[in-house]
Amino acid sequence: EEIPDSWSRVTEELGDATWEDVYQACCVHNTREWGNIALGVLILSLFLYLFLFSLELLGNSAKVIGGCTANSLMGDVKNPIAGLVIGVLATVLLQ
């Protein structure tokens, strides 16, 4: 029994489909489908904006909460390992 290669199996599944048939099936949308695509892109953009805005709020709140304290902690640190440990400790406390 001869095992068919993958290309012959694909051509059997597709039959006599042309590239135009493939394009029509995959890439041509009616008005409702375009509306759904536009709505999805709009919702994705909105969530991306909200995510970036929340990151900005988080950064601003960290500046307000730890403003002078963080400066006094990090201002005297000359050892980079100690700075790393203080940064990890501050992250754990904020989490």
Side-chain angles (χ1 to χ4, degrees):
E1 178 176 314
E2 184 179 326
I3 299 173
D5 63 346
S6 60
W7 181 252
S8 64
R9 188 176 59 229
V10 168
T11 55
E12 285 176 11
E13 290 174 3
L14 290 177
D16 293 332
T18 64
W19 284 110
E20 184 178 351
D21 296 336
V22 173
Y23 173 76
Q24 291 290 330
C26 297
C27 304
V28 176
H29 303 288
N30 61 24
T31 306
R32 183 182 177 111
E33 291 170 337
W34 279 114
N36 288 339
I37 291 170
L39 182 64
V41 168
L42 183 68
I43 289 172
L44 180 68
S45 300
L46 175 70
F47 281 126
L48 179 62
Y49 173 77
L50 290 175
F51 174 71
L52 293 175
F53 183 69
S54 68
L55 285 180
E56 183 180 349
L57 284 177
L58 183 66
N60 289 339
S61 65
K63 285 179 190 174
V64 169
I65 291 173
C68 295
T69 308
N71 189 21
S72 65
L73 280 175
M74 297 300 282
D76 298 332
V77 176
K78 304 262 189 277
N79 186 353
I81 302 298
L84 177 68
V85 170
I86 290 173
V88 168
L89 182 64
T91 302
V92 167
L93 290 175
L94 283 175
Q95 294 286 332

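By the 6.0 Å contact criterion, CD on E33 is enclosed, its count of non-hydrogen atoms from other residues, nucleotides or ligands being greater than 12.
Note: F47 CZ to L42 CG = 10.5 Å, rounded to the nearest 0.5 Å. Here the CG-CD1 distance, from L48 to I43, works out to 13.5 Å after rounding to the nearest 0.5 Å.
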